[in-house]
Participant: 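To start, I am sharing the structure in question, which I have written as structure tokens.
Numbered from 1 within each chain, the chains take letters A, B, ... in sequence-line order. As a basis for the values below, the full set of heavy atoms in this structure was taken, side chains included, without hydrogen atoms, waters or symmetry mates.
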Protein chains: 2
Amino acid sequence: MANRFVRKLSGFSKLTPVEIAALERETAHPRKFAARQDLIREGDRPGPVFVVLDGWAFRYKILPSGTRQITAFLMPGDACDLHIGMLAEMDHSIQTATQARVATIARADMDRLLNDHRGIAQAMYVSQLTDEGTLRAWITSMGRRTSIERVAHLICELYARAHGIGLVDDTEFSLPLSQIILADALGMTPVHINRVLKELRLAGAMTLSRGSVLILDPGKLVQIAGFDENYLHRRLREPS
Amino acid sequence: MANRFVRKLSGFSKLTPVEIAALERETAHPRKFAARQDLIREGDRPGPVFVVLDGWAFRYKILPSGTRQITAFLMPGDACDLHIGMLAEMDHSIQTATQARVATIARADMDRLLNDHRGIAQAMYVSQLTDEGTLRAWITSMGRRTSIERVAHLICELYARAHGIGLVDDTEFSLPLSQIILADALGMTPVHINRVLKELRLAGAMTLSRGSVLILDPGKLVQIAGFDENYLHRRLREPS
DNA sequence: CGAGGGGTTGATGGGTTTCAATGGACGTGG
DNA sequence: CCACGTCCATTGAAACCCATCAACCCCTCG
């Protein structure tokens, strides 16, 4: 059974058995990290590419005032930027949210993967465009959606992404993130997140408890969020 | 004299005369667009890569309610994503803000540029990482900065970017964007943008009038914004 | 000269933050 | 096995930032 990374990339491009084997070879020796550990910090000189195989992590920035803004969640299968090694320094930090298994791919190995395997390159580039689309969707949420719409939209996104890598059990999936982390991702206070979650529960749309989301009414949740999954680019382009 | 696109890429990687010539050849025949014209719309099938040589454009998304969120500004020298042609459909729209000259590079030509010229590939990848860093900076602004900090931060960013392509005249630069456009970029209302600009003017930090920004007190503006330009990646990585 | 787009200012209301307090869940050590 | 500390979830009350509504001005352009 392929690991989550292979599974995710397979969703973006048809991979040959040789390509799958190459990816699994490069991620065969992950390292274990405890929760709340920085993989890399803003200002650090970038090293190898990180690939999260199990557990959750997030990208974040700290402001002069000390407040934190989370800019992305990394779930199993997600990787940081391919060309990270070209930069002089990181412009953000990455931290584990839970215990996690993380593989690293050295710059030279990454270049070889991209050059030798057309399918891998294609999948990774689409994956990168999806990450950018997600950043744009987050900006749109923060700028123009109300707090309840924002929360609903994030849950829809995480559900769709978890579904893509086989992490969803019917209408339920594991979301081991505290309300404090959700607040820092959505630009809200933990207090208000709590009230909004209560509202979504009372509306019969969804519940979040003990680290797991239960979707009660998918249609209602999507409608509240105004969710359109096109930015996740799960549909492959057909040859013209 | 090299065009703005070449000038911008030169800031990210040392380009050989051959590479510069190749870039100029590919962008030698720009097309003129009037203001307020969509270059491409959400849902469209992507075509060639766009390169803005003169004038301003922006990426945006429209929500179900009809409100607009701008997710990025394209100033002279900026391009849309390199691998846009791999996607089945666009997840956002791009529109000119002013009259503009825009070149297009076909997918095959772009692949050739990237494969044949190491310097061009490097510059474009760093440029892409910069775009992503900018998206993260915007998320951070929208989530955790007050309205005056947000406005100041955006102006700092645009100043720095304009400076990089030689568009700044000492402490002044052209910013042909209406307060309505700024509002849709910053997740605020035009009314409130207006009040914040007044506040920045009264504080002696900057003024914006008749399409041009005048920085009165750079230190004060940077301090209000909490601006750190590291995410623009203007410092090249030194060999290890 | 009228129409339309953009900039400016005032008054009002509401969505979120802030401050504060309580209780539950969990792990650790006595 | 229970006491204790810590982290997190939850709820209430009050303050505030910003959106909303509305009016008026200026400028440009057909």
Participant: Write out all pairs satisfying salt bridge (Lys or Arg N to Asp or Glu O under 4.0 Å) with one or both partners inside residues 156-168 of chain B, taking only residues at least two apart or from two chains.
Facilitator: B/Asp78-B/Arg161, B/Glu157-B/Arg161
Participant: Going by the ring-ring contact (aromatic ring centres under 6.0 Å, His included) test, which pairs reach into residues 43-82 of chain A, not counting sequence neighbours?
Facilitator: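 Residue pairs passing ring-ring contact (aromatic ring centres under 6.0 Å, His included), neighbours aside: A/Phe58-A/Tyr60, A/Phe73-A/Trp138.
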Participant: Partners of B/Asp38 by salt bridge (Lys or Arg N to Asp or Glu O under 4.0 Å), sequence neighbours excluded?
Facilitator: B/Arg41
Participant: On DNA chain C, does the nearest nucleotide to B/Leu197 precede the nearest nucleotide to A/Ser147 from the 5' side, or the other way round? Give the residue.
Facilitator: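 Taking each residue's closest nucleotide, the earlier one in sequence belongs to B/Leu197.
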Participant: Closest to the A/Gln179 side chain: D/dT10, C/dT9, C/dT8?
Facilitator: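 That would be D/dT10.
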Participant: Base contacts versus sugar-phosphate-only contacts with protein, heavy atoms under 4.0 Å: please encode nucleotides 17-25 of chain C as B, S and - from 5' to 3'.
Facilitator: BBB------
Participant: Between atom CG in A/Asp184 and atom P in D/dC8, what is the gap in whole Å?
Facilitator: 11 Å
Participant: Closest approach to the side chain of B/Thr146, judged atom by atom: which nucleotide of C/dG7, D/dT10, D/dC18 is it?
Facilitator: D/dC18
Participant: Let me know the distance between CD1 of B/Ile148 and P of D/dC16, rounded to the nearest Å.
Facilitator: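 Atom CD1 in B/Ile148 sits about 18 Å away from atom P in D/dC16.
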Participant: Taking only residues two or more places apart in sequence, or in another chain, which ones meet A/Ser178 in a side chain to side chain donor-acceptor pair (under 3.5 Å)?
Facilitator: none
Participant: Rounded to the nearest Å, what distance is computed from the CG atom of residue B/Leu208 to the P atom of nucleotide C/dG6?
Facilitator: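 So the CG-P distance, B/Leu208 to C/dG6, works out to 14 Å.
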Participant: The test is salt bridge (charged side-chain N to carboxylate O under 4.0 Å, His left out); show your working for B/Arg59 and B/Asp81 and say whether it passes.
Facilitator: CA-CA 11 Å; B/Arg59 305 175 190 264; B/Asp81 311 274; 3.4 Å; yes
Participant: Per the salt bridge (Lys or Arg N to Asp or Glu O under 4.0 Å) rule, what does the pair list look like for residues 183-200 of chain A, sequence neighbours excluded?
Facilitator: A/Arg68-A/Asp184, A/Asp184-B/Arg144
Participant: Let me have the donor-acceptor pairs involving side chains of residues 210-226 of chain B, under 3.5 Å, with sequence neighbours excluded, atom names and distances please.
Facilitator:
from     : atom 1 : to       : atom 2 : distance (Å)
B/Ser212 : OG     : B/Glu172 : OE2    : 2.7
B/Asp217 : OD1    : B/Gly219 : N      : 3.3
B/Asp217 : OD1    : B/Lys220 : N      : 3.1
B/Lys220 : NZ     : B/Ala203 : O      : 3.0

Participant: Fit a plane to each ring of A/Tyr159 and A/Phe173, take the angle between them on a 0 to 90° scale, and name the class: parallel (under 30°), tilted (30 to 60°) or perpendicular (over 60°).
Facilitator: perpendicular
Participant: Taking atom P of D/dT28 as reference, at what distance in whole Å does atom CZ of B/Arg210 sit?
Facilitator: 11 Å
Participant: Please give the angle, rounded to 10 degrees, between the axes at the start and the end of the helix from C/dC1-D/dG30 to C/dG30-D/dC1, where five pairs define each axis.
Facilitator: 30°
Participant: Measure the distance from CG on B/Leu177 to P on C/dG6 and round it to the nearest whole Å.
Facilitator: 12 Å
Participant: Does anything in residues 58-66 of chain A come within less than 4.0 Å of DNA chain C? Heavy atoms only, and list the residues if so.
Facilitator: none
Participant: According to ring pair (Phe, Tyr, Trp, His ring centres under 6.0 Å), who are the partners of A/Phe33, at least two apart in sequence or on a separate chain?
Facilitator: none
Participant: What is the distance, to the nearest angstrom, from the CG atom on B/Leu186 to the P atom on D/dC17?
Facilitator: 18 Å
Participant: For the residue pair B/Asn230 and A/Glu42, confirm or rule out a side-chain donor-acceptor distance under 3.5 Å.
Facilitator: yes
Participant: Could you give the CG-to-C1' distance, from A/Leu182 to D/dC7, as a whole number of Å?
Facilitator: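 The answer, rounded to whole Å, is 15 Å.
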Participant: Sequence neighbours left out, what passes side chain to side chain contact (heavy atoms under 4.5 Å, CB included) with A/Thr189? Give chain and number order.
Facilitator: A/Val191, A/His192
Participant: Enumerate the side-chain hydrogen bond (donor to acceptor under 3.5 Å, both in side chains) contacts for residues 162-171 of chain A, please, sequence neighbours excluded, ordered by first and then second residue.
Facilitator: none
Participant: When you check the phosphate oxygens OP1 and OP2 of D/dT11, does a side-chain N or O of A/Lys198 lie under 4.0 Å from one of them?
Facilitator: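 Answer yes for this pair, as a side-chain N or O of A/Lys198 is under 4.0 Å from OP1 or OP2.
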Participant: Answer with base, sugar-phosphate or nothing: what part of the nucleic acid does B/Ile180 contact at a heavy-atom distance below 4.0 Å?
Facilitator: sugar-phosphate
Participant: Rounding to a whole Å, what distance do you find between B/Asn194:CG and D/dA23:P?
Facilitator: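 Taking CG of B/Asn194 and P of D/dA23, I get 18 Å after rounding.
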Participant: More 5' along DNA chain C: A/Arg145 or B/Arg36, using each one's nearest nucleotide?
Facilitator: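 Nearest nucleotide further toward 5': that of B/Arg36.
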